[in-house]
**Student:** 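The structure that follows is given in the form of C-alpha cells.
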Amino acid sequence: MTDIGTRTGETNQAGSTREESSRTGDHRNRHHPYDLIVIGAGSAGIAAAAAGRRNGARVLMVERARPGGNSIWTGTVPSKALVAAGRAAQLMRTADRFGITPVEPEINFGELMRGIERRIADAAESAAGDVVTDSGVDVISGTAAFTGPETISVDGDPYHFAKAVIATGTAPSMPPIPGLFDCTPLTTDTVWELRFLPSQLTILGGGPTGCELGQALSRLGAKVTIIEQEDRLLPKEEPEVSELITDRLRAEGLEILVGTSVVRASKTTGHTRLSITDKSGVQRTIEAGRVMITAGRRPVTMGLDLARAGVSLNPAGYIATDDRLRTSNRRIYAAGDASGDRPLASLAALDGEVAASNAMLGSARTARHDLGPQVIFTDPEVGRIGHTELSASVLTGGRVSSRTGDGRVDRAIAENEPVGLTKIISDDHGRLLGASVVSPRAGEVITELATVMQHRGRVTELADVPHAYPTWSDPIWDLAQAARAERNPGATVPGRISAAVRKR
Ligand SMILES: Cc1cc2nc3c(=O)[nH]c(=O)nc-3n(C[C@H](O)[C@H](O)[C@H](O)COP(=O)(O)OP(=O)(O)OC[C@H]3O[C@@H](n4cnc5c(N)ncnc54)[C@H](O)[C@@H]3O)c2cc1C
Ligand SMILES: NC(=O)c1ccc[n+]([C@@H]2O[C@H](COP(=O)([O-])OP(=O)(O)OC[C@H]3O[C@@H](n4cnc5c(N)ncnc54)[C@H](O)[C@@H]3O)[C@@H](O)[C@H]2O)c1
C-alpha cells in the first residue's frame with residue numbers, strides 16, 4: 001500500500017494523527033476511521049470522493065491501478081484520440097471532395113501511439129489531479145477488500161468507514177471460444193500498447209467499441225473485419241442507424257460479418273485462424289490476422305469479499321442498488337459501471353456524485369440514466385437520447401409516433417458530406433421519448449434534445465427557437481417545425497423551412 005496523495009500526520013476524527021493511531025494499538029483507532037471510503041478512482045470514484053469532501057466528510061479513496069480509471073487510461077480518452085487520428089488520415093485520402101489533391105498519408109504508428117500516451121497523461125492529470133492532490137481527499141494505492149459490514153482492508157491495512165462507495169468499474173469480457181485465449185487476443189486494456197499496426201485485424205463484437213476502433217484502425221492502414229453475432233452492427237441502436245453505419249464502414253473497405261459466431265480459434269504462425277458460422281449453420285474458416293475482443297464488459301467485483309459486507313449482486317452479476325444507489329448494506333453505495341445499466345463515463349460521474357451525496361446527507365436523490373445522451377464516435381457520429389422506436393413502443397404499448405428527417409442538411413450539402421439521419425420518437429401527447437442523430441457532429445447536437453427530455457417537453461417547443469444556419473442542428477428545427485405544422489396546420493412558423501420539410 002502506498003500513499004498517492006495522503007496528507008501525512010493529519011488529525012483524524014478521533015483527534016489523533018494517523019501515525020499515532022497505528023502506534024497506540026488503541027482498539028478504537030486500530031482501523032483508520034473515515035466518514036467515507038471510496039473504492040476505485042475512475043470517473044465514478046473521483047466524483048464520489050469530490051462530492052464527499054464538498055459535504056465536509058473525511059474521505060479515503062483507494063485505487064489499485066491508476067487514478068482516472070478506464071475512461072482515462074484504456075477507454076474514452078485513448079479511443080477518441082485514435083478516432084481523431086483516423087479522421088485526419090481519411091480527410092487526406094478523400095480531400096478530392098474539396099477539389100484538393102488527395103494523398104495517401106504516411107503513418108508512423110509508433111509515434112501516433114506515443115502521442116496518444118501523452119494525451120492520456122494530460123487527461124489523467126486534469127481529471128484526477130485536483131482530487132488526488134488538492135481537495136483534501138486521502139488517496140492510497142492498493143487493492144481494497146471488505147472485512148466486515150463497516151471495514152475494509154487495503155493490502156492488509158485495516159480501515160473503518162461510516163459510509164462507503166464501491167466504484168470498481170468493469171473489465172473486458174472474454175467470450176468462451178475454444179482456443180481463443182491461446183491466440184493472445186487484444187482487448188481495450190492492451191491495444192494501447194501496440195507500437196506496430198497489425199496489417200490484418202479481426203474484431204469480435206460490433207458494438208460501440210468495435211465500430212469506433214475498427215473504423216479508426218482501418219483508416220490508419222489495417223485491413224479490418226468486424227464479426228458481430230447479432231443480425232446487425234450496433235444492435236442497441238435504431239435499425240436505420242445500424243444500416244447507415246454498416247454502409248459507411250463497408251464503403252471504407254471494412255469487412256462486416258453480421259449474424260456470425262466464432263466457434264473455434266487456433267494459432268498459426270503469428271496469426272489466428274477462426275472457424276465461423278452464420279445463422280443458418282454454414283461453417284467456414286477465415287485467416288483473421290490479429291484478433292481483438294470488443295464483446296462487452298463484465299463488472300469488477302471479484303476479490304472485494306462483498307459477502308462479508310452483506311452486499312448483494314443482481315442476476316447479471318452487477319452490484320445491486322436501489323434508486324438512491326444504496327446496496328443491500330445500508331452503509332454502502334455503488335456507483336458507475338460496476339452497478340451500471342448504461343456504462344458511460346458521464347453517467348458514472350453522475351452516479352458517483354449522487355451516491356456520495358446521498359451517503360453523507362441521507363438524501364434520496366436518483367441518478368437519471370435515462371436522461372443521459374450517448375454518442376458513438378464513428379464517422380459519422382451516432383447520438384442517442386432515451387428510447388429507440390422499439391423500446392418506446394414496448395413502454396407505451398405501441399402509442400408512439402416517429403418522425404425521421406431525410407438527412408438532406410444544407411450544412412452537409414455545403415461540406416459535401418454524405419446524408420445522415422435524425423429520428424424523433426414521441427408519445428401520443430407529443431412528448432419526446434427518444435431521438436437518434438447520425439451526423440458528423442451528432443455528439444454536440446444530441447444535447448439539445450436531452451434538454452427537452454429533461455423537462456418532459458415536446459419537440460414542437462423547439463419550433464420557436466431559431467437555430468443558427470447552416471448548422472448540424474438544422475434537422476431538429478426542421479422536424480420541430482414539421483411536427484408543429486402537422487399538429488396545428490394554421491400556425492405560422494418562424495424563419496425558413498429547409499430541405500427536410502420542403503420535401504414533404
Ligand atoms: C474503448 C472504450 C471507449 C469508451 N468510450 C466512451 C465514451 O466515448 N464516452 C463515455 O461516456 N464512455 C465511454 N466508455 C465507457 C467509460 O470508459 C466507462 O463508463 C467509465 O470509465 C466507467 O467509470 P467507473 O468509474 O465506473 O469505472 P472505471 O473507470 O473502470 O474505474 C474503476 C476503478 O476501480 C479500480 N478498482 C477496481 N477494483 C478495485 C479494488 N478492489 N481496490 C481498489 N481499486 C479497484 C480500478 O483499477 C479502476 O481504476 C468507453 C469504454 C471503452 C472500453
Ligand atoms: N462512445 C461511447 O460512448 C462508447 C464507446 C465504447 C464503449 N462505450 C461503452 O462501453 C460499453 C461496452 O461497449 P462494447 O462495444 O465493448 O460492448 P457492447 O456490449 O455494447 O457490445 C458488444 C457487442 O459484441 C457482440 N458480441 C458479444 N459476444 C460476441 C461474440 N462472441 N462474437 C461476436 N460478437 C459478439 C454483442 O452482440 C454486442 O453487439 C457500452 O455499453 C458503452 O456504454 C461507450
Side-chain angles (χ1 to χ4, degrees), residues 38-48 61-80 82-83 127-128 140-146 152 154-155 165-177 180 187-189 191-192 203-213 226-237 242 257-263 274 276 293-305 334-349 351-352 372-378 381-384 443:
V38 178
I39 305 177
S43 308
I46 288 173
M61 181 163 61
V62 189
E63 170 54 49
R64 70 176 179 189
R66 303 163 290 196
N70 174 38
S71 185
I72 300 290
W73 296 95
T74 57
T76 316
V77 170
S79 62
K80 266 75 267 182
L82 196 73
V83 162
I140 55 171
S141 171
T143 300
F146 287 96
I152 61 163
V154 180
D155 298 341
V165 174
I166 305 171
T168 48
T170 57
S173 56
M174 195 62 73
I177 296 168
L180 185 61
T187 67
T188 51
D189 282 353
V191 66
W192 314 110
I203 296 178
L204 265 60
T209 309
C211 290
E212 284 182 7
L213 298 186
I226 300 180
I227 298 180
E228 167 56 52
Q229 65 188 7
E230 299 293 332
D231 288 334
R232 54 192 176 91
L233 294 182
L234 303 177
K236 293 173 191 155
E237 303 308 315
S242 297
L257 303 175
V258 290
T260 301
S261 303
V262 177
V263 286
L274 298 178
I276 59 172
I293 310 294
T294 59
R297 319 269 309 168
R298 60 175 173 80
V300 174
T301 53
M302 223 164 63
L304 278 173
D305 278 339
D337 287 11
S339 61
D341 52 346
R342 291 188 65 209
L344 292 174
S346 47
L347 298 182
D351 271 8
Q374 168 180 311
V375 181
I376 301 168
F377 292 88
T378 42
E381 295 175 353
V382 176
R384 180 160 62 82

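Order of listing sets the numbers, starting from 1, for every ligand and every atom in it. Index from 1, following the sequence.
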**Student:** Would you give the length of the straight line joining atom OG1 of T260 to atom CG of L274, rounded to the nearest 0.5 angstrom?
**Tutor:** 11.5 Å
**Student:** How long is the gap from CD1 on I226 to OG1 on T294, to the nearest 0.5 Å?
**Tutor:** 7.5 Å
**Student:** Could you find the nearest protein heavy atom to atom 25 (O) of ligand 1 and give me its residue, atom name and distance?
**Tutor:** A44 N, 2.9 Å
**Student:** Side chain, backbone, both or neither: which part of A348 comes within less than 4.0 Å of ligand 1 when only heavy atoms are counted?
**Tutor:** side chain
**Student:** Between P208 and Q374, what is the shortest heavy-atom contact and its length?
**Tutor:** CG-NE2, 4.2 Å
**Student:** Nearest to atom 31 (O) of ligand 1, what protein heavy atom do you find, and at what distance?
**Tutor:** G42 CA, 3.4 Å
**Student:** So for ligand 1, is L344 a polar contact partner (N or O within less than 3.5 Å, distance only)?
**Tutor:** yes
**Student:** Is L304 touching ligand 1 with its side chain, its backbone, both, or neither, if touching means heavy atoms under 4.0 Å apart?
**Tutor:** side chain
**Student:** Look at atom 38 (N) of ligand 1 and say which protein heavy atom is nearest, naming residue and atom and giving the distance to 0.1 Å.
**Tutor:** T168 CG2, 3.4 Å
**Student:** Can you report which non-hydrogen protein atom sits closest to atom 34 (O) of ligand 1, along with the distance?
**Tutor:** G40 CA, 3.2 Å
**Student:** Among T143, I152, V38, which one satisfies side-chain contact (heavy atoms from CB on, under 4.5 Å) with V62?
**Tutor:** I152
**Student:** Show which atoms of ligand 1 fall inside a sub-4.0 Å distance from at least one heavy-atom site of V62.
**Tutor:** 43 (C), 44 (N)
**Student:** Using a 3.5 Å distance criterion without hydrogens, assess whether the side chain of E237 forms a donor-acceptor pair with backbone atoms of S242.
**Tutor:** no
**Student:** Check each atom of ligand 1 against the heavy atoms of T143 and keep those under 4.0 Å away; list them by number with element.
**Tutor:** 41 (N), 42 (N)
**Student:** Looking at P67, is its backbone amide N or carbonyl O close enough to the side chain of W73 to form a donor-acceptor pair, meaning the two atoms are under 3.5 Å apart?
**Tutor:** yes
**Student:** Measure the OG-CD distance between S141 and E63 for me, rounded to the nearest 0.5 Å.
**Tutor:** 7.5 Å
**Student:** Exactly one of I227, V263, L204 should register a side-chain contact (heavy atoms from CB on, under 4.5 Å) with I276. Which one does?
**Tutor:** I227
**Student:** How does I39 reach ligand 1, by side chain, by backbone, by both or by neither, if only non-hydrogen atoms under 4.0 Å count?
**Tutor:** side chain
**Student:** Show the nearest heavy-atom pair for residues L180 and P175, with the distance to one decimal.
**Tutor:** CD2-O, 3.8 Å
**Student:** Look only at interatomic distance and state if S71 has a nitrogen or oxygen under 3.5 Å from any nitrogen or oxygen of ligand 1.
**Tutor:** yes
**Student:** Quick one: salt bridge (Lys or Arg N to Asp or Glu O under 4.0 Å) partners of E381, sequence neighbours excluded?
**Tutor:** none
**Student:** Pair T188, R297 - check side-chain hydrogen bond (donor to acceptor under 3.5 Å, both in side chains), show working.
**Tutor:** CA-CA 10 Å; T188 51; R297 319 269 309 168; 3.2 Å; yes
**Student:** Can you list every protein residue that has a heavy atom under 4.0 Å from any atom of ligand 2, sorted by chain and residue number?
**Tutor:** K80, P175, G205, G206, G207, P208, T209, E212, I227, E228, Q229, E230, P235, K236, T294, A295, G296, R297, P343, L344, V375, I376, F377
**Student:** Looking only at distances, please establish whether an N/O atom of ligand 1 is found under 3.5 Å from an N/O atom of G75.
**Tutor:** no
**Student:** For G142, state whether at least one heavy atom is located under 4.0 Å from any atom of ligand 1.
**Tutor:** yes
**Student:** First locate atom OG of S43, then atom CG of N70, and finally report the distance between them rounded to the nearest 0.5 Å.
**Tutor:** 8.0 Å
**Student:** How far is atom 47 (O) of ligand 1 from its nearest protein heavy atom, and which residue and atom name does that atom have?
**Tutor:** E63 OE2, 2.6 Å
**Student:** Taking all non-hydrogen atoms of both residues into account, name the closest pair between E228 and P235 and its distance.
**Tutor:** OE2-CG, 4.2 Å
**Student:** Could you list the atoms of ligand 1 found under 4.0 angstrom from a heavy atom of S346?
**Tutor:** 11 (O)
**Student:** Nearest to atom 7 (C) of ligand 1, what protein heavy atom do you find, and at what distance?
**Tutor:** T76 CG2, 3.3 Å
**Student:** Consider every N or O of R64 and every N or O of ligand 1, then say whether any pair is closer than 3.5 Å.
**Tutor:** yes
**Student:** Taking distance alone, with N or O pairs closer than 3.5 Å, would you say S43 contacts ligand 1?
**Tutor:** yes
**Student:** Show me which atoms of ligand 1 lie under 4.0 Å from any heavy atom of F377.
**Tutor:** 8 (O)
**Student:** Which part of T188 is near ligand 1, with near meaning a heavy atom under 4.0 Å away: side chain, backbone, both or neither?
**Tutor:** side chain
**Student:** Applying a 4.0 Å heavy-atom criterion (strictly less than), which segment of T209 is in contact with ligand 1: side chain, backbone, both, or neither?
**Tutor:** side chain
**Student:** In this structure, does ligand 1 have an atom that sits under 4.0 Å from one of the heavy atoms of S79?
**Tutor:** yes
**Student:** I'd like to check which ligand 1 atoms, numbered from 1 as shown, lie under 4.0 Å from a non-hydrogen atom of A167.
**Tutor:** 32 (C), 33 (C), 34 (O)
**Student:** What protein heavy atom sits nearest atom 41 (N) of ligand 1, and how far away is it?
**Tutor:** A144 O, 3.1 Å
**Student:** With a cut-off of 4.0 Å, which atoms of ligand 1 are near a heavy atom of G336?
**Tutor:** 26 (O)
**Student:** So, taking the atom named CG in L234 and the one named CD1 in I376, what distance separates them when rounded to the nearest 0.5 Å?
**Tutor:** 4.5 Å
**Student:** Could you check atom 10 (C) of ligand 1 against the protein and tell me its nearest heavy-atom contact, residue, atom and distance included?
**Tutor:** A345 N, 3.4 Å
**Student:** Which residue, P299, S71, P343, forms the side-chain contact (heavy atoms from CB on, under 4.5 Å) with D337?
**Tutor:** P343
**Student:** Within this structure, what is the CZ-CG distance for the pair F377 and L82, rounded to the nearest 0.5 Å?
**Tutor:** 14.0 Å
**Student:** Just to be sure I'm reading this right: ignoring hydrogens, which of R297, M302, K80 gets closest to atom 5 (N) of ligand 1? Compare them by their nearest heavy atoms.
**Tutor:** K80
**Student:** Among L304, V165, V154, whose side-chain contact (heavy atoms from CB on, under 4.5 Å) with I39 holds?
**Tutor:** L304
**Student:** Short list, please: which atoms of ligand 1 are under 4.0 Å from a heavy atom of P343?
**Tutor:** 15 (C), 19 (O)
**Student:** Check whether T168 reaches the backbone of V300 with its side chain - one donor and one acceptor, N or O, closer than 3.5 Å.
**Tutor:** yes
**Student:** Specify the closest pair of heavy atoms between Q229 and S261, including all atoms of both residues, with the distance to one decimal.
**Tutor:** CB-OG, 4.1 Å
